[in-house]
Undergrad: 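After the structure tokens below, expect a handful of questions from me.
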Amino acid sequence: MFTWRGLNPYLLLLLVLCMLTGLTHVVLGTQQGVESVEYVVFYDPIEGTGVLRVSITMSLAPGEIGNVDLPVKIFSDASLYFFNYTMDPPTGSLVVNYDDDTGIASLLVSNASTVTLYFTVSNLTEEASIGSYTATLDLLDYTSGAVNVSVEIYLTGIYDVIIDSYPRVSGYSIQTLTNTTVIRAYDPAIYFIVLKIPVNTVPPSSTQFNLLNLLFPLLLITVVAAVIIVLRWRRTSIGRIEKVNVLNDPVSRSIIRALGEAGDAGLTQAEITNRTGIPKSSVSRRIRRLEEEGFITVARTGKYNYLRLTDKGKEAYRRIVEKK
């Protein structure tokens with residue numbers, strides 16, 4: 001996606017001059033241009049969707065142009081969709097180009113101290129078994145130490161977390177908040193993360209049981225109210241995760257495109273996995289969601305289940321092709 005904002009004729013002239021005379025290239029191995037990068041993720045491992053915010057603090061002189069290649073896909077198997085950005089002050093100039101294949105965001109920045117990029121994110125975690133998920137966080141691009149990096153991951157739900165790293169570092173922490181697990185990482189390394197839904201195997205005492213019976217009606221009312229609030233918030237939140245899963249999620253788009261190209265013959269799940277190169281578990285999760293939302297149907301033909309686009313799915317396929 002190529003985005004322009006606040007680009008004036010003077011900056012355009014500077015860009016042309018840069019092509020002719022060369023422009024200082026800001027990379028993570030130098031301190032010029034970039035002071036720090038902060039990644040903040042809000043993610044639901046069960047749903048497999050979330051939002052990523054990347055904030056870059058700049059140290060450019062007035063009128064200086066920074067050319068930055070920033071690694072955004074720091075989670076190995078994640079799928080990202082770039083949908084918005086901001087900068088401070090808003091009067092600065094910014095050109096952003098995100099390459100989904102390389103996971104690199106290229107920025108041309110002038111007269112801005114902070115740039116923030118926003119992405120929807122899916123497949124950040126891989127379901128290893130029932131109630132168990134894995135993820136890989138790669139910060140090795142920041143090994144030089146010239147740029148300060150921090151990552152905060154807010155996971156919906158309470159999980160037992162196991163973290164290992166290469167090389168071995170201690171710059172990470174795990175915190176449990178109300179129905180949220182928070183993981184923070186600061187040191188350049190590859191982090192191998194395992195999430196497990198805790199299982200309470202200790203039976204409640206009779207006192208606890210009686211107390212729960214008394215509190216159950218109140219708890220039920222509280223849960224119902226919370227669900228209503230969450231549903232209303234999701235309809236108006238900036239991420240609109242449920243809505244963007246299909247046309248803005250690269251995995252869902254790939255599945256719809258593969259089925260659209262196959263036509264009425266349809267494809268099996270294995271054929272979709274082979275054609276798209278997407279992990280089997282990710283395909284399976286998206287197929288369930290696409291079927292629930294009425295984009296595809298699953299029908300048994302002989303020994304195999306074949307997936308085909310519905311009318312709604314065919315319309316989505318046409319929109320994807322036109323957008324491409």
Side-chain angles (χ1 to χ4, degrees), residues 1-41 51-76 78-121 124 136-152 185-190 238 248 250 323-324:
M1 169 179 280
F2 194 79
T3 310
W4 300 78
R5 188 171 185 175
L7 190 62
N8 54 51
Y10 299 103
L11 179 58
L12 184 59
L13 178 60
L14 284 175
L15 295 178
V16 174
L17 292 175
C18 290
M19 295 177 186
L20 298 176
T21 63
L23 176 67
T24 302
H25 186 70
V26 180
V27 296
L28 299 178
T30 68
Q31 295 185 1
Q32 182 181 357
V34 179
E35 287 186 352
S36 64
V37 181
E38 178 188 56
Y39 301 84
V40 179
V41 184
V51 176
L52 167 64
R53 185 188 72 205
V54 185
S55 298
I56 308 103
T57 302
M58 310 295 298
S59 59
L60 298 172
E64 182 182 4
I65 300 177
N67 182 12
V68 183
D69 284 338
L70 186 74
V72 176
K73 192 177 289 186
I74 57 176
F75 296 94
S76 299
S79 298
L80 302 177
Y81 176 77
F82 174 46
F83 70 90
N84 197 13
Y85 67 90
T86 59
M87 60 181 169
D88 183 36
T91 54
S93 299
L94 174 63
V95 179
V96 182
N97 180 32
Y98 174 66
D99 189 331
D100 187 58
D101 293 329
T102 62
I104 299 293
S106 299
L107 290 73
L108 285 176
V109 190
S110 178
N111 299 321
S113 59
T114 304
V115 174
T116 304
L117 311 178
Y118 297 90
F119 301 79
T120 59
V121 56
L124 186 150
T136 303
L137 169 62
D138 187 350
L139 298 180
L140 288 182
D141 284 321
Y142 296 91
T143 303
S144 68
V147 177
N148 295 323
V149 61
S150 65
V151 179
E152 293 187 0
Y186 310 96
D187 289 344
I190 298 179
I238 188 171
N248 290 344
K323 186 176 181 180
K324 185 70 175 179

Undergrad: For Tyr39, enumerate each residue passing the side-chain contact (heavy atoms from CB on, under 4.5 Å) test, keeping only those at least two apart in sequence or located in another chain.
TA: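 Applying side-chain contact (heavy atoms from CB on, under 4.5 Å) to Tyr39 gives Val37, Leu52, Val54, Leu70, Pro71, Ile74, Tyr142, Val149, Val151.
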
Undergrad: Could you list all the salt bridge (Lys or Arg N to Asp or Glu O under 4.0 Å) pairs where at least one residue sits in residues 102-120, not counting sequence neighbours?
TA: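 As it turns out, there is no salt bridge (Lys or Arg N to Asp or Glu O under 4.0 Å) pair with a partner in residues 102-120 once direct neighbours are skipped.
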
Undergrad: What closest approach, in Å, do Val34 and Ser59 show between heavy atoms, and which atom pair accounts for it?
TA: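 Heavy atoms of Val34 and Ser59 come nearest at N-OG, 4.4 Å.
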
Undergrad: For Asn148, enumerate each residue passing the side-chain contact (heavy atoms from CB on, under 4.5 Å) test, keeping only those at least two apart in sequence or located in another chain.
TA: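 side-chain contact (heavy atoms from CB on, under 4.5 Å) check on Asn148 returns Ser36.
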
Undergrad: For Asp100, check salt bridge (Lys or Arg N to Asp or Glu O under 4.0 Å) against everything at least two apart and list the hits.
TA: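 Only Lys73 meet the salt bridge (Lys or Arg N to Asp or Glu O under 4.0 Å) criterion with Asp100.
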
Undergrad: Quick check: does any side chain N or O of Asn111 sit under 3.5 Å from a backbone N or O of Gly63, one acting as donor and the other as acceptor?
TA: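 Side chain of Asn111 to backbone of Gly63, a donor-acceptor pair under 3.5 Å: yes, one is there.
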
Undergrad: Using side chain to side chain contact (heavy atoms under 4.5 Å, CB included), reason through Met87 and Val109 one step at a time and then give a plain yes or no.
TA: CA-CA 9 Å; Met87 60 181 169; Val109 190; 6.0 Å; no

Undergrad: Could you walk me through whether Asp187 and Leu139 pass the side chain to side chain contact (heavy atoms under 4.5 Å, CB included) check?
TA: CA-CA 8 Å; Asp187 289 344; Leu139 298 180; over 6 Å; no

Undergrad: May I ask you to decide if Pro188's main-chain N or O and Thr143's side chain share a donor-acceptor pair within less than 3.5 Å?
TA: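 Flag not set: sc Thr143 to bb Pro188 has no pair under 3.5 Å.
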
Undergrad: To the nearest 0.5 Å, tell me how far Asn97 CG sits from Ile104 CD1.
TA: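 The CD1 atom of Ile104 is 11.0 Å from CG of Asn97, to the nearest 0.5 Å.
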
Undergrad: Against Phe75, only a single residue in Asp138, Val121, Val41, Leu80 fulfils side chain to side chain contact (heavy atoms under 4.5 Å, CB included); can you say which?
TA: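 When Asp138, Val121, Val41, Leu80 are each tested with Phe75, the side chain to side chain contact (heavy atoms under 4.5 Å, CB included) holds only for Val41.
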
Undergrad: At their closest point, which heavy atom of Pro89 faces which heavy atom of Ser113, and how far apart are they?
TA: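 Shortest heavy-atom separation between Pro89 and Ser113 comes out as CD-N, 4.0 Å.
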
Undergrad: Of all residues at least two apart in sequence or in a different chain, which pass the side-chain hydrogen bond (donor to acceptor under 3.5 Å, both in side chains) check with Ser106?
TA: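 Testing Ser106 for side-chain hydrogen bond (donor to acceptor under 3.5 Å, both in side chains), a comparison that skips the adjacent residues, returns Asp69.
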
Undergrad: At what distance, to the nearest 0.5 angstrom, does CE of Met58 lie from CG of Leu107?
TA: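 Between atom CE of Met58 and atom CG of Leu107 there are 7.5 Å.
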
Undergrad: Return the set of residues passing ring pair (Phe, Tyr, Trp, His ring centres under 6.0 Å) with Phe119 (not counting sequence neighbours), or none when no residue passes.
TA: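 Testing Phe119 for ring pair (Phe, Tyr, Trp, His ring centres under 6.0 Å), a comparison that skips the adjacent residues, returns Phe82, Tyr98.
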
